[in-house]
Chemist: 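I have a structure I would like to understand better, so I am pasting it below and will then ask my questions one at a time.
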Amino acid sequence: MTVEAKDDRAPSSTLCVHGGDRPDPATGAVEPPLHLASAFAFDDAEQAAGAFRGDNDHFIYGRWGNPTVDALEDKLALLEGGAGGSAIAACATASGMAAISATLLTLCEAGDAIVAPRSMYGESARLLRERLPRLGIETTFVDQTDPLAYERAIGPRTKVLYVESPANPTLTITDLAAVVAIGRRRGLTVVADNTFATPYCQRPLSHGVDLVVHSMTKAIGGHGDAIGGAVIGDAARVRAIKETAIKTFGGVLAPFNALLISRGVRTFALRARQSCATALALAQALERHPRVRRVFYPGLASHPGHAIAARQMSSFGALVAFEVESLAVGRAVLEHCRVVTHAVSLGDVRSLVTHPASTTHASMPAEARVAAGVADGLLRVSCGIEETDDIVADVVGALDQAASVTRI
Amino acid sequence: MSSFLPPPPRHSDTQPLDEHAGPSTRSVHAGVSRPERFDAIPVPIVETATYTFRDSAEVAAHMTGEHPDPKREEYGRYGNPTVRALEERIAALEDPTGQAECAAFGSGMSALTTAMLALLKAGSHVILFRDGYRRTRQFVAKTLAAYGVEHTIVEPGDLTGVAAAITPKTRLIVGESPTNPYLHCTDLRALGELARKARVKTIVDTTFATPINVRALPLGIDLVVHSATKYLAGHHDVLAGAVVGNPALVGLARDLRGVIGGVLDPHGAFLVARGLKTLALRVERANATAMKVAARLAEHPRVSHVFYPGLPTHPTHAVAAEQMRGFGGVVSFRVKTDPEAKGEQSSLAVTSRVVDAFRLARIAPSLGGVDTLVEQPAIMSYYELSSEERRAAGIEDDLIRLAIGIEDESDVIADVMRALEAP
């Protein structure tokens, strides 16, 4: 059957299980087959000519399209597109960065400019700061909590307004509708990285965002075992990006990874629901803990972006950041977590914890770290799907132990 | 790497979970829970048929059991690290105390037949139940009989009958709980006790229950068998089986696996292990939806019987409520039909029309996956029998088996209600 996404609500489990599925016509296999083919045969010259002209859907060459990857793309379009229906398309890529770089390189050329948030995924920031300027594309970084800052940064050649909400590391919230309004008025393309939020919690396309990019490696794939990315939006735009991302740069997603990610999507709604419930419970428990200085979770009334988050998100996500008194206590908390695994990345079935000051951001001078919002005692937990009580007990227990150790 | 980075945390090889860790925590972490080689988080797919040794001395150490690494592998048919990781996780789900072991197989039938062959020999006697899985009964009646193994079949759940059937030659009692397709639940604690007193081993297939809903080992059953194809893997994309329980008995099954060769491939093991991570979430969802569906079916005018252990009307509801945490995702029911009618109005035809009217549920055998499946046993598993033979085997023409997936409850219920409006 065809499962249509219902508007304005998180993707249902039914959609995650069935959306975009085309039962295998050859065998009736309930699970669509894994197609490893890099080339596809034609019945006759007419069919081949038609395929190249785009008059039929026949597959041609693995890099241009593969049935297993196609099935995943259809699923993603439904997850993010909701009631957008067939006007929405997705392009799967070999990684999230392949999706982000191809999107920006399609939308901009030498002389063009981008407005991007000050707090954003590190590798995206490096792309904008170090790589794109070499191709003549400049970026202005702004305070993403202030839509007017986006507007002020727009120049004559600005093509893209780029948003990430919530954003690393303190889950900063950007008002999507406000940025979209500016983009519409100025004729710019608004691109949102929705990896942190996931389509379970937030669907930027329904707020008017033009293109959504994802690292599917995170919650969409969800099992920490397949790297992949995607760009989703208006079908014509996505087709243009696909030309760049796939045909030109060749950042094609392997069929086997497409299968793993499609398999992950089937349990996505169940996983996301559990992760979000744990994150909220953890955030509330941390807020009560005497050794925690601050908790950053958009679902808490104390979060500066809570009101906007409550408006544009249906759940508040799986990530919780919190601050303890020092680098030493932060490291001690890491070492005392037993169930929560110490690893960067997020959106896994396992709960993961990171301490940016001693790991990902350790090479930065302390002052630069603080300016980037990474306090010495900042920790980030990506809640998995374990029992909520086990995760809250593990983190709170680690805090208790870390506090007693550092007092000696 | 910057020299002032802190040293990486030291992970022990495996970090046993607390005995009280919850089922979802166990689903994600049990077994090999800490990064091993290359610090990768998921267990790697070790796609190899054989393993190399540094030198002859290492071979000798392995063969004599003096090798310092107890997990040292020798040849793919005897063991594989990806498969072993899966085995450890399944064992930890069935027995949180960490006493049990598991051997994985290429299918559920491979697991069951290998375990049975490991415990039986010519001249020994096995007891099974009349509502056991049809292929299991055929295996006993045809294959084992040809090897001189005798058997007695007793009525579903009839423990008095079991006690009466035990002879000095009896080595094994094989059961299932819940059974297919009527979801009959056996009192596992009583069965275990009875067997222990008689010094007879027990194997129970709890595929329909999963370790989330029932853990047969702590109730006194010797070996649990699973078709891991179903709920454990959960995505209809891999065939696998498992034998779990007492390490000595599992060892016998594992040794025989190395001879009969029904091994699970590493890629299949990876898919099962990946599926296991969401086991608790999936089973809890299926339990909840199945309970609602059963209740709606029970009050539907076109339904004559509903078989679901969660309903108080089910003959084994009391046993199920006592030993199960949830009642599973399979619901069977009978459509009200006229048994005398022929042609288009025959029970078989009317029931087929109901099955064909499902839109969300797909017509397919199997169960336990994320997708809801529907089947009419009369034309699926028992297709070659006449109506009379099927009835004698307990399979009515108007019977439908629903295997509930993880779709949203309202969508599944709407699908069932729509199907029941079929002409």
Side-chain angles (χ1 to χ4, degrees), chain A residues 1-3 12-18 21 23 28-34 222-226 256 259-260 262-264 266-271 273-274 278 327 331 334-335 337-339 341-343 345 348-352 355 358-359 362-363 384-391 393-394, chain B residues 1-2 4-6 8-11 15 17-18 20-29 33-35 39-43 45 234-238 267 270-271 274-275 277-278 280-282 284-285 358-364 366 369-373 405-412 415:
Chain A
M1 77 177 287
T2 313
V3 177
S12 70
S13 204
T14 306
L15 181 73
C16 291
V17 173
H18 296 273
D21 268 6
V30 169
E31 269 300 303
L34 168 58
H223 293 67
D225 53 11
F256 183 64
L259 178 91
L260 286 182
S262 284
R263 195 184 201 249
R266 293 182 204 281
T267 54
F268 169 62
L270 286 191
R271 289 187 284 104
R273 179 198 303 250
Q274 176 77 7
T278 298
L327 194 97
R331 283 180 55 178
L334 275 191
E335 281 157 21
C337 283
R338 283 178 49 85
V339 179
T341 306
H342 178 201
S345 198
D348 201 302
V349 288
R350 296 160 179 267
S351 295
L352 305 175
H355 178 220
S358 71
T359 55
S363 60
I385 63 167
E386 305 96 331
E387 300 293 325
T388 297
D389 292 349
D390 289 336
I391 295 310
D394 196 45
Chain B
M1 271 285 149
S2 310
F4 51 82
L5 282 179
R10 301 271 170 255
H11 294 312
Q15 189 153 346
L17 279 175
D18 186 277
H20 305 292
S24 205
T25 306
R26 204 160 279 285
S27 300
V28 175
H29 294 273
S33 67
R34 287 292 176 179
D39 294 322
I41 290 181
V43 174
I45 303 174
H235 293 70
H236 298 310
D237 57 6
V238 58
H267 185 248
F270 162 78
L271 286 179
R274 190 185 206 250
K277 293 187 180 199
T278 54
L281 293 189
R282 289 185 287 104
E284 281 158 15
R285 165 62 70 94
F358 278 89
R359 284 294 166 268
L360 187 64
R362 296 202 173 105
I363 302 171
S366 200
V370 293
D371 311 63
T372 297
L373 302 180
I406 62 166
E407 302 96 335
D408 292 69
E409 181 186 293
S410 56
D411 293 326
V412 175
D415 197 38

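Just so it is clear: chains get the letters A, B, ... in the order the sequence lines come, proteins before strands, and each one is counted from 1. What you see is a predicted model; the values in this text were computed from it and never measured. Note: hydrogens, waters and symmetry copies are ignored here, and every other heavy atom, side chains too, is used.
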Chemist: Which atoms of Leu260(A) come close to chain B, meaning under 4.5 Å heavy atom to heavy atom: side chain ones, backbone ones, both, or neither?
Modeler: both
Chemist: Non-hydrogen atoms of chain A under 4.5 Å away: do they reach the side chain of Thr278(B), the backbone, both or neither?
Modeler: both
Chemist: Under the salt bridge (charged side-chain N to carboxylate O under 4.0 Å, His left out) test, which residues partner Asp225(A), sequence neighbours left out?
Modeler: Arg274(B)
Chemist: Find the one option among Glu409(B), His20(B), Glu284(B), Lys277(B) whose heavy-atom pairs under 4.5 Å with chain A are most numerous.
Modeler: Lys277(B)
Chemist: Within this structure, what is the CG-CZ distance for the pair Leu270(A) and Arg282(B), rounded to the nearest 0.5 Å?
Modeler: 9.0 Å
Chemist: With sequence neighbours excluded, what pairs up with Glu31(A) under the side-chain contact (heavy atoms from CB on, under 4.5 Å) test?
Modeler: Arg266(A), His236(B), Asp237(B), Asp371(B)
Chemist: Measure across Gly224(A) and Pro42(B) and return the closest heavy-atom pair with its distance rounded to 0.1 Å.
Modeler: O-CG, 3.0 Å
Chemist: Under a 4.5 Å heavy-atom cut-off, does chain A meet the side chain of Ala364(B), its backbone, both or neither?
Modeler: side chain
Chemist: Nearest 0.5 Å, please: how far is CZ in Arg271(A) from OG in Ser24(B)?
Modeler: 11.5 Å
Chemist: As an exercise: rank Ala21(B), Gly369(B), Pro23(B) by heavy-atom pairs under 4.5 Å with chain A and give me the winner.
Modeler: Pro23(B)
Chemist: Only pairs of heavy atoms separated by less than 4.5 Å count here; which of His223(A), Glu387(A), Glu386(A), Arg263(A) has the most with chain B?
Modeler: Arg263(A)
Chemist: Mind checking the CG-CG spacing from Leu15(A) to Asp411(B)? Nearest 0.5 Å is all I need.
Modeler: 9.5 Å
Chemist: Any side-chain heavy atom of Thr341(A) within less than 4.5 Å of one from His29(B)?
Modeler: yes
Chemist: Quickly, which of Asp389(A), Ile391(A), Asp390(A) forms a side chain to side chain contact (heavy atoms under 4.5 Å, CB included) with Thr25(B)? Name it, please.
Modeler: Asp390(A)
Chemist: Please name the pair of heavy atoms, one in Ser13(A) and one in Arg285(B), separated by the smallest distance, quoted to 0.1 Å.
Modeler: CB-NH1, 3.4 Å
